[in-house]
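Structure, as structure tokens:
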Amino acid sequence: MRNGGIVELPDAASHLEQPNDLPQEEAEIHVCASCASEHYNHVEALCRELNIGWAFGRQGDFMEDTEGDKWFGKWQNRVLQAMQSLLQPFEVRDALVWVYILMITDGGSRNCEKERDRMPELMQSLREERRTSALKIKVDSKPLRIEDLTEKVRKMPAEESEVQRVYRKFLLSGKHDFAWSFHLKSIALQAESESAQFLIHRGELVGAALFGRRGEGLSGCDDKTFRERVDRLIACVAISERIKPIVSRWKIPIRFDPQSLIVQKAVEWRLDVESEEGFARCLREVAATNIGDIGVTAGNIKGQDRLQVFTKFHSAFGIDSPRQRWEELSWIAEEARKAELPADLLEELQTKLRREEENLKKDTCAKWFSEEALLLIPKGRPASSFSTQVSFRGRINPGAQTCWISYPGKYAAAWLSAASNEGAQDSIACVFLAETDDGYGKHDPDPDKDGLQCFCHKLYDGQTEMGCGWYTQWMENVKEARLEYGQRLKAAVFPGQGVGGLQKVELAAADSMGWQYDEIDVAEELEERFPKGCVVDAWCEERNCWRRGTVEAQKGSSSTTCEANTLVTWTVRCEGEGGEDDVFEASHICDTSVATSEMLHHLGRPKLRQLVLECLPDVVVLDVGTHRFPSGLSALKFRLEVRSIGALHRLRDQVLSDNLQRHISSSIRGPSSDSSWQVEVDKTRFFLWYEDAMLQLKELTPHQRKCLREIDHFDAVHLSAPAGAGKTFVAVQRVIDLLRGDASARVLYVSYTTELVYYFIQWLVVRLTSQLQSESWNEICNLLARLVVLKRPFRSFLSPRLENDRINLAPAEKVDKFELLVLDEAHNIFRADVERDALDRVTCTNQLLLSDDSQSSAVEVNIPPMESVVLTEVVRSTRQIVVGASSFQLESLAVAAGTDGPALKSFIFEDSGEQDLMSQYAKHVTDAIVHVTKEYPDLSLHKRIALLVPDDDFLRELKKALKPELERRLPHKHYRCYSFAESLLHLPERARRLRTQPSQQMEHLILDTIAVADGLEQLIVVCIGLDAPICGAARDLATRAGLYKGITRAQLKAIVVNAHVPNGWFEFLSSVRFSEQGLSEEEASKYKSHAAIKICQEAKDDIGRARPFQERPQPETRSASTADKKTDPGMSQPETESIAPEREKMPQHASSVWDTRNNTVPVHAQKPMFDPLAKDNRAAVSSEEFLFDPMPQMKYYYWLQYGFHVYRLFPCSKQEYDKNRSVFKVYPNPHDGRRTYPSYYFGDKLITRNATYPRLTYCSDTYFYGYFKSSKIDDDGNLQGDPCDVIDSDDRWPDPRT
């Protein structure tokens, strides 16, 4: 029957016949186009058995996924494809084909109702599609019940052999497709034999399982495989039912039927989906590879947003950092609002957010970390045209006096970009919609036409492509500004030119509403928005691209004689490719915030956050936003939280090496395929933060925390540590804890130098500023009032005062007793030749002495006996600096907790005799500064480089010679030399109340003597003229201590500038050639030697014997003639011959620690008196000394998983790890792709413990594999937490296609 009622399908037997057997003039096909999601699997199976096409939800397109208007086109295409496939056999026939579009009426959903409402439109589109085809079709739609299809299946002839075949397939695979096929075929089977009855019974059990029921007789079934298969079907239905309310509550557009991927994997991996948290973990597991597999379509933006909100919400509470957790929940709450989640969910999110905010306040009082913004500046807009890519819906500022309601379209993007930036005061009602998702092309019904027509007919006399949705938003903006806030309306026009386009519509609407507005000359307004010197992005017609520059002048006016499209142009100055300025005319400019907004809009905050984390896996990205510089330049702002010194060093290295900006630039592309964004890090702002962060970090390495706990157990402690290990940090924290914990406590801080007193006070203020509220400046001053300092000559007590962000030391009142005495650099204070009159009279309850034997030049130091605690971990300097300085170190152990960093640099030169020696020093010091500016071209050296010299006389002469040399060699720079004391008198930028900006013209270089550098540090240090001949006297002790002290003052880079000193400490560098292979553990061990200890001991022995000072005889040498010279191409200096053959030959060393390529001295053939690299001088190295990692020790592993039941972990070497990971491709989302296993094998040892390991790329039907590294697995294979937290972001995983 083809008229009304339920469709009567043809007999199955006839339907199975070939189309050629049907009447020539007439045939029919069926396409099931609509089905409620809960019946999807059942109806799909019925359609497959009856040869009915289906076009519902195959990939989740219509499973709770009809947001917006895009769903209809997808549905229409799917139905058309199904129809075309069924029509193909009839294309060669001259026949009439009836096409029935079937609608399943069982169940029901909002989607099915929408599909039924659009059925007439669907059928008409199908007819139109086939209008030109020779094959004639008639299209009709009919409702249908599931039972009608089932009854047809029952009437189908069933062969027992076919049913048996499908049954075997089900047993082998357990797949739903075969389960449904077996069940449906079995219901048509006649029970004519015992075997047939067996199949019918099994089919009933399978059918019951497919509907979630456990059929009678299953428990007594002796076929274990069959029971497992059926139980799995039941489990799938049960999990689907558990998931359904969660999906419905959160409105997540995913497939959750029993046959769906998410349900299959949840059963297969035994994942917990009882709760929303468990289901969220399951989603992260499954969605790690391809979001489309779980049914989320690309066009459903809101659906994707809801899925992301759901998974992020339930993972947010696993974030350790309270600040990051609160930031994440804040973002989730905002995105949930945009995704239009139900009101009860939004309220729940807000409740949890408020609770986290309270927790954050409590946590802030007890614990804090370094936090600051990393600024990434887009270098310009990438678009290949000058149209904007960012929509703007207006901005109404309640406190504004003016609201702009219209602007000429030609300059709208330029003006809006400036007017809408942060800090702009005026309201803007103008609306610009760039993309369909933002409302471009949307049509809003006109209430005056009873909703039968949209506003287009009123505005344009007919519908337009851009739509009229913008008009509704514009009208709401104007009404809000005018009626609610009483703001004055303004419109920017070209006087006398008239208006057109949207301006005409906007002003006509304002006139019709009776609103008065002022007409403002657009040229004058543009000139005010873009004054001379303003940084802009300008469209260069010659190069057909956007270029960044500054406005030189604006040309054009409001003259009526000008062409409308040439009224205003700008002269823009840019930096050319050769460094010279390039000036051009531009008719289109925009504020730099447009590039930032487009990047943020195109990539999204999650993507940008992920890009940063790929380079900086051990920092916390709290938020991604925008920032505006006073110059008008706009930047992306990443708020970071750094929790350890290792993380801070890695962040510094990534910024200085440009790896971070290169990685982000290479990973992002612009809106068009032929364009890309380029970004650069604002290094000036970064290093202002970095220097403060070095003073603020609280959560350091586990080794330091252990030592701090030991100190708390004693009243008097001697803390000894190598340079840069954090001795002063311990003192600062102890002082802060005492002053804040005891309102009456007084502290005495004692230092050998004035400079270290200033530095200690700076450190105190910076840390207090971070821990206290910003308005607590008075509290900081009150705390400092209970601090007393004492410095050389240790005769009078002083009290620090903060006046106009400057540190002043005034005479202190008499204090009878101190609760804490801190003696910093105690190895200088307790020398035999130091008088301590005032210090010896001090009474105190607790004492903390800080010392480093290697920095002492004294023959004897008499530190009072007390409990001893030793710090060995250097947190200030790079590993290269620690290794290089170890050659001059005494017995103390130094373990580098930082990154490798750059090599130490040497400029060792021979006195030419053509100039005075100080002029030569000035030349080579300038060479060193030029080297730094080339290596770090964007880094300001303002207070970041220290030039350390041996004494005051040397300082005066060098300062006089250095000034003209710097002016000649670096004329574009403005350097001025300051002492440490002058620099440290003023508080750091972060701690200042006045917040004065440092001069951008003048850069202060620190120039001071090595004697005042105790306890201080700089980013870069140049040691100048510190070497001296080894002579077997007290001078040897002072020279060695000065060299060690000078090198270890550097955080990042240490440079040595010295004239060649025969028998000097640096003479061994003439035999060192630089190698770029990188620092290895084997090489690092070579620099730990007894050479310095031997020389110092000999000097002390000579002093003890009271031997008169004598210069050691200097070897007489001559340079070989040109003919006699032998050139080694691998060496950085030319070789020379010596005429002292009786001395041992000079050994040659390759080194990645010392870069000697700028040395100009010849290689000396005689062995130097100090040679730390000689084998006979090498000291025994502790296993932890040079193998220490800033994170816990990394180990390397190979992971193999067989099927889903056997998991093996094998240790491997770093060489094997490096070799294999280099050929693997990156696995997406490695930190989200993890699995928990009940047990695993470590080699051949079975470990029964829940373990979470990285989920590796699917490689075949049976196994996963890959290499990774971790610090959280002990030698027996036991996990110490979750190794995924420290998987290297550069690890490579197998590519399944290979």
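No side-chain heavy atom of V655 sits under 4.5 Å from any side-chain heavy atom of Q661. Counting heavy atoms from C-beta outward, R354 and T351 have side chains that approach closer than 4.5 Å. Side-chain atoms of L636 and L600, non-hydrogen and from C-beta on, do get closer than 4.5 Å to each other. For the pair K637 and T626, the minimum side-chain heavy-atom distance is 4.5 Å or more. A 4.5 Å side-chain heavy-atom check between L640 and V621 finds at least one atom pair inside the cut-off. Side-chain atoms of C454 and C468, non-hydrogen and from C-beta on, do get closer than 4.5 Å to each other. Residues Y471 and L459 have side chains in contact (heavy-atom distance under 4.5 Å, counting atoms from C-beta outward). Between I664 and V612, some side-chain heavy-atom pair lies under the 4.5 Å cut-off.
In this structure, W470 has its ring center no closer than 6.0 Å to that of Y440.
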(request) Show your working on side chain to side chain donor-acceptor pair (under 3.5 Å) between S406 and E506 and close with a plain yes or no. (result) CA-CA 7 Å; S406 186; E506 291 164 340; 2.7 Å; yes
(message) Run the side-chain contact (heavy atoms from CB on, under 4.5 Å) test on Q308 and F313 for me, step by step, so that the C-alpha distance in whole Å, both residues' side-chain angles and the decisive distance to 0.1 Å come before the verdict.
(response) CA-CA 8 Å; Q308 187 178 41; F313 172 72; over 6 Å; no
(request) Mind running side-chain contact (heavy atoms from CB on, under 4.5 Å) on V568 and F530 for me, showing each step along the way? (result) CA-CA 12 Å; V568 178; F530 297 100; over 6 Å; no
(message) With side-chain contact (heavy atoms from CB on, under 4.5 Å) as the criterion, how do W539 and N544 come out once you've worked through the C-alpha distance, each side chain's angles and the decisive distance to 0.1 Å?
(response) CA-CA 7 Å; W539 180 256; N544 199 36; 3.1 Å; yes
(request) List the steps, then state whether side-chain contact (heavy atoms from CB on, under 4.5 Å) holds for D537 with I589. (result) CA-CA 6 Å; D537 287 325; I589 66 172; over 6 Å; no
(message) Applying side chain to side chain donor-acceptor pair (under 3.5 Å) to S634 and T596, what does each step give before you reach the verdict?
(response) CA-CA 7 Å; S634 179; T596 307; 3.0 Å; yes
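Here CD1 of I377 is found 13.5 Å from CD of Q678. Values are rounded to the nearest 0.5 Å. Taken to the nearest 0.5 Å, the CG atom of L526 stands 12.5 Å off from the CD1 atom of I520. Annotation: the span from M513 atom CE to L483 atom CG amounts to 7.0 Å, rounded to 0.5 Å. Here the straight-line distance linking atom CG of L346 with atom CD of E340 works out to 10.0 Å at 0.5 Å rounding. Annotation: the span from L633 atom CG to D591 atom CG amounts to 9.0 Å, rounded to 0.5 Å. One distance of note links CD of E357 with CD of Q350; it measures 10.0 Å at 0.5 Å rounding.
With sequence neighbours left out, the side chain to side chain donor-acceptor pair (under 3.5 Å) criterion links Q554 to W570. Taking the ring pair (Phe, Tyr, Trp, His ring centres under 6.0 Å) definition, one finds that F686 meets it with W689, sequence neighbours left out.
Looking at W474, its side chain does come within 3.5 Å of a backbone N or O of I405 through a donor-acceptor pair. No donor-acceptor distance shorter than 3.5 angstrom exists from the side chain of E356 to the backbone of S330, with no hydrogens or angles considered. The backbone N or O of P378 sits less than 3.5 Å from a side-chain atom of R548, completing a donor-acceptor pair.
Of the charged side-chain nitrogens involved, none lies within less than 4.0 Å of a carboxylate oxygen, so that R355 and E348 do not count as a salt-bridged pair. K555 and E585 are joined by a salt bridge, as a carboxylate oxygen and a charged side-chain nitrogen come within less than 4.0 angstrom of each other. A salt bridge does not link K479 with E476: every distance from a Lys NZ or Arg NE/NH1/NH2 to an Asp or Glu carboxylate oxygen is 4.0 Å or more. By the 4.0 Å N-to-carboxylate-O rule, K490 lies too far from D518 to be salt-bridged with it. A salt bridge links D582 to R543: one of the charged nitrogens lies within less than 4.0 Å of a carboxylate oxygen. The pair D426-R395 does not meet the salt-bridge criterion, since no charged nitrogen lies less than 4.0 angstrom from a carboxylate oxygen.
The 12-atom threshold is not exceeded at CD of Q516, counting heavy atoms of other residues, nucleotides or ligands nearer than 6.0 Å. By the neighbour-count criterion of 12 heavy atoms within 6.0 Å, atom CD of Q401 is sparsely surrounded, having that number or fewer from other residues, nucleotides or ligands.
Shown here for T402 and Q487, the closest heavy-atom pair between the two residues is O-OE1, 3.8 Å. Taking every heavy atom of both residues into account, Q503 and A492 meet most closely at NE2-O, 2.7 Å. Across all non-hydrogen atoms, the minimal contact from G549 to C574 is CA-SG, 3.8 Å. The nearest pair of heavy atoms linking D444 to G469 is OD2-CA, 3.5 Å. Pairing each heavy atom of C456 with each of G467, the nearest pair is SG-C, 3.9 Å. Taking all atoms of both residues into account, the shortest heavy-atom contact from G394 to N477 is CA-ND2, 3.8 Å.
Side-chain atoms of N397 and S427 include no donor-acceptor pair closer than 3.5 Å.
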